[in-house]
Amino acid sequence: MEFVGGIAVVLLQALRATLRRSLDVEQLREGLIRLGLHSLPVVFGTALFVGGIMVIQSAPLMTRYGAHSLLGWGAGFGILREIGPILTGLMISGRVGSNNTAELGTLQVTEQINGLRALAIDPADYLVAPRVLSILVTTVVGTLLSMAVALVGAALTGQALLGVHPITFWNGLTGGMLSWGDVAHGMVKAFVFGLVIAGTSTAYGLRAKGGAPGVGRAVNESVVLSAVAIFVTDALISFASRGN
Amino acid sequence: MIEFRGVSKSFGDKVILDGVDLTAGSGEILFVIGTSGAGKSVLIQHVVGLLRPDAGRVLVDGEDVTDYDEHRFYEVRKKCALVFQHATLFDSMTCAENVALPLRKHFRLKGDEALRRAEEFLALVQMERFGATYPSALGDGLRKRVAVARALTLSPRYILFDEPTTSLDPVSARRVDALIVDLARRQGATCVVVSHDLRSIFSIADRVAMLYKGRVRALGTPQAIRDTTDPIVRQFIEGRNEGPLETT
Amino acid sequence: MTDDPKGTTHWSAGPLPQAPEPEMGGSAAGSFPAGPAPTGSSPSGSSPSGSSVPLREGFSERPEERSQRALASSEIARSATLDSQVTIADPMPGFVLPADEARGGPLHTLAAALYATTRMEPGAVAEQMNQLGIRSLGFVCLVLGFVGGILVYQAGIQALRIVPDTSTIGPAYIEILVRDLAASLTALMLATRVGAGIAAEIGSMKVTDQLDALRLSSADPVVHLVAPRLVASVLVTPLLTILGGAVALLTGTLTGLWVFDISLHTFLDARYVDAADLCAGLLKSVAFGLAIPVMSAHAGLYTSGGSQGVGNATTRAVVGSSLAVIVLGFVIGALVEVLAGGAG
């Protein structure tokens, strides 16, 4: 519960700073570049392989039913609704979330956050809000793009391994059983995961204490809790939306 | 004027401050001395709200700031600058960017303009050559000077120095002393200096307060401190190992 | 406009860039009587455009300087190795000095760790197995439990969209669990939990010079820290995979029973599972168990630069381990698929 409380405080601070427009725009821009743009390669690399894995995993089913036309649907469904958002979330948590915790933790244990406060600069405006926004945007945009990349990976693997032509794959994907609703479902998840990652990593970074080992500990706890929170919220959203 | 009235602070069951009464008058250089762990740094952090007292009041300009929330403290912090013991520069920024940050945030200066002004403040502490250097590439003494320049950007009327000469070579230490005198005498700033540098104490202080066991043990001019008969104060200023003074 | 910081006081120079020179010099000289003569306005301060150039230079120079320094220190360390090998009769195998680590990639760390397994202390592996296993058990079970439930739920809803037949959900789910899901998900969780832990632990020791202290007491950090974690992870990962898989099977079965009314008998049917699936699953979990500690220990041994460095090492460990799991999962999956497909 302390965990949920810490996240809530961070997110509220970020929301207030955004609404009052007191957040530091330069830090936001830097955050979007450093946390967002620079993690795209890792996210894309993951997505490409994940698409391949989805095809390999659905291969026996497809072969069993001789239903190659369904490959696009099978892989697409998993990528758009479940695996895409979850794996992108996990990678962003690993790359961006842990980086964020490490940086904030370092600022905390070296008293640089108190340094900001002593200069009458609100850490909520200068550190918290820009980072929360950057991570949220990164997760949502990264998930959307990685869905596309994962579908490409799936189509390529399907052709290489199962001899399914990309057009057949594409037809399976757009054949009517998948809709924009599935994409929207994935995006809702991405938004929630973004909040979870941003809140957890920021809260744990700000709470770090005890020098270098303390920063390591904070990062460790933050990635683990983000991962658990991603799976738990994923389950909640999936059940709540009842296949919609 | 900065006043502490019966300020007490404990961390867990460890009592650090146990009813400190102390006043720093306008334009004076007040030294707070004491052994390591006596609570000197803890005391001055109460002025800017980085720590809150368990009991007692803190007054700045006669205004009771004890119960201010974080937001109202920002106004206090604009007139009370704190120079941290370890300088606490932002290590992701160059020295000039460090000094420019409060200028950008509080005077809404644009990036280039703020950097130019930052160079002027760096020049005040003879650090203008290091504007483009990162703090991690500088030694302790140089970093502290940058921290002073950063603190001066807000034109504070009160400046709290946390061990400004500790870990500095003797020459740099005397330069920092000269800077403090300059700020107090020429600019009329009130300087509260936490220190155990005996040379600074006896060369530039107007008054000296010694903290011992969470209270003010002695308070007076450097001459009065030098002439005191209190065995604990004597042991401290003479730097003797043997004596009644208990260290934590 | 309140943008004149000097408006209320007289700290320093006036607002004009040209004006301050004399007053600035005077004030500075007053502050530091013994100091070097003020250089006047520095080149970077003279114009707004000029001021940004040196900043950028300074920024870009930093990493280079650092790598140069690292190179220089590696030279020193290497010559030190040679010396010690010449002078000491029974040399410590010099395979894993820090300078060597910094030049090798993760594969180098893997080779060093495998070589070091021959010289481990007997109790070390058991202790690490205990640490890794106990610390991760609850976490792995929790996550796999949730995933099991979600997957069966989603699969059931999709299956019902096409054919009103839920009888193949169970067997298909069990197959996918055995051949991939249990191993991959367990490993992804271990990549965050164990990977971050190993990197933070070794990284903290590195930045606080404890690794050098180990070396000075003739204890090879790879033998004492990396090898036991490697062996423990290879042994524990398959066990955790089996446990996690069992939990996922349990929650999946319950979801099938409660949501779709699939009987236990219909659901718990392993007819699709064949030898290739078992091989793929087992191979993956062993490979993941090897990859995670290697990537993480490598990140930890590489750590430089204080608390920030420890955090960065942890990040690299999590990302590196997760990527290794995903890529290895793909490669092994494709390999088994091609081989089994060719055989059958």
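Proteins get letters first, then strands, A, B, ... in listed order; numbering begins at 1 in each.
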Query raised in the report: Going from CZ on A:Arg217 to OG on C:Ser204, what distance comes out if it is rounded to the nearest 0.5 angstrom?
Result: 8.0 Å

Report task. Quick one: closest heavy-atom pair of C:Thr192 and A:Val223, and the distance? Result -> O-CG2, 4.1 Å

Requested in this report: Count the heavy-atom pairs under 4.5 Å between each of C:Val319, C:Thr168, C:Thr315, C:Val318 and chain A, then report the option with the highest count.
Outcome: C:Thr315

Query raised in the report: How far does CD1 of A:Ile237 sit from CD1 of C:Ile150, to the nearest 0.5 angstrom?
Result: 9.5 Å

Report summary line: In terms of heavy-atom contacts, C:Phe139 and A:Ala227 come closest through CZ-CB, 4.1 Å

Requested in this report: Side chain from CB out, backbone as N, CA, C, O: work out which of these in C:Phe330 comes under 4.5 Å of a heavy atom of chain A, or both, or neither.
Outcome: both

**Report entry** Contacting region of C:Leu142 [heavy-atom separation from chain A under 4.5 Å]
**Finding:** side chain

Report task. Step by step, work out the side-chain contact (heavy atoms from CB on, under 4.5 Å) result for C:Arg193 and A:Asn220. Result -> CA-CA 7 Å; C:Arg193 185 90 184 90; A:Asn220 199 341; 3.6 Å; yes

Report summary line: When the 4.5 angstrom heavy-atom criterion is applied to A:Thr157 and chain C, the contacting part is side chain

Query raised in the report: With a 4.5 angstrom heavy-atom cut-off, which part of C:Glu201 approaches chain A: side chain, backbone, both or neither?
Result: neither

Query - Intermediate values then yes/no, side-chain contact (heavy atoms from CB on, under 4.5 Å), A:Ser98 and C:Thr314 - result: CA-CA 7 Å; A:Ser98 64; C:Thr314 315; 5.5 Å; no

Report task. Would you give the length of the straight line joining atom CE of A:Met91 to atom CD1 of C:Ile326, rounded to the nearest 0.5 angstrom? Result -> 5.0 Å

Query raised in the report: For A:Val55, is it the side chain, the backbone, both, or neither that has a heavy atom closer than 4.5 Å to a heavy atom of chain C?
Result: neither

Requested in this report: With side-chain contact (heavy atoms from CB on, under 4.5 Å) as the test, would you mind laying out the steps for C:Asn312 and A:Asn99 before giving the verdict?
Outcome: CA-CA 6 Å; C:Asn312 288 342; A:Asn99 208 332; 4.0 Å; yes

Requested in this report: Check each atom of C:Leu190 against the heavy atoms of chain A and say whether the ones under 4.5 Å are side chain, backbone, both or neither.
Outcome: neither

**Report entry** A:Ile53 portion near chain C, given a 4.5 angstrom heavy-atom threshold
**Finding:** both

Query raised in the report: Does the pair C:Phe146 and A:Phe231 meet the rule for a ring pair (Phe, Tyr, Trp, His ring centres under 6.0 Å), with working shown?
Result: CA-CA 7 Å; C:Phe146 268 100; A:Phe231 281 105; 8.6 Å; no

Query raised in the report: Is it the backbone or the side chain of C:Val310 that comes under 4.5 Å from a heavy atom of chain A, or both, or neither?
Result: side chain

Query raised in the report: Quick one: of A:Ile86, A:Ile56, A:Val42, A:Val215, who has the most non-hydrogen atom pairs under 4.5 Å with chain C?
Result: A:Ile56

Query raised in the report: Non-hydrogen atoms of chain A under 4.5 Å away: do they reach the side chain of C:Leu188, the backbone, both or neither?
Result: side chain

Report task. Would you mind checking which part of A:Glu82 comes under 4.5 Å of any heavy atom in chain C, side chain (CB onward), backbone (N, CA, C, O), both or neither? Result -> side chain

Query raised in the report: Given that the side chain runs from C-beta out, which part of C:Met189 has a heavy atom under 4.5 Å from chain A: side chain, backbone, both or neither?
Result: side chain

Query raised in the report: Tell me, side chain or backbone of A:Val109 under 4.5 Å from chain C's heavy atoms, or both, or neither?
Result: side chain

Requested in this report: Kindly give the heavy-atom pair with the smallest separation between A:Ala102 and C:Gly311, and that separation in Å.
Outcome: CB-CA, 3.3 Å

Query - Contacting moiety of C:Val327, where chain A heavy atoms sit under 4.5 Å - result: both

Requested in this report: Output the distance between atom CG (C:Asp180) and atom CE (A:Met54), rounded to the nearest 0.5 Å.
Outcome: 9.5 Å

Requested in this report: Examine whether an atom of A:Leu87 lies under 4.5 Å from a heavy atom of chain C, and if so say whether it belongs to the side chain, the backbone or both; otherwise answer neither.
Outcome: side chain

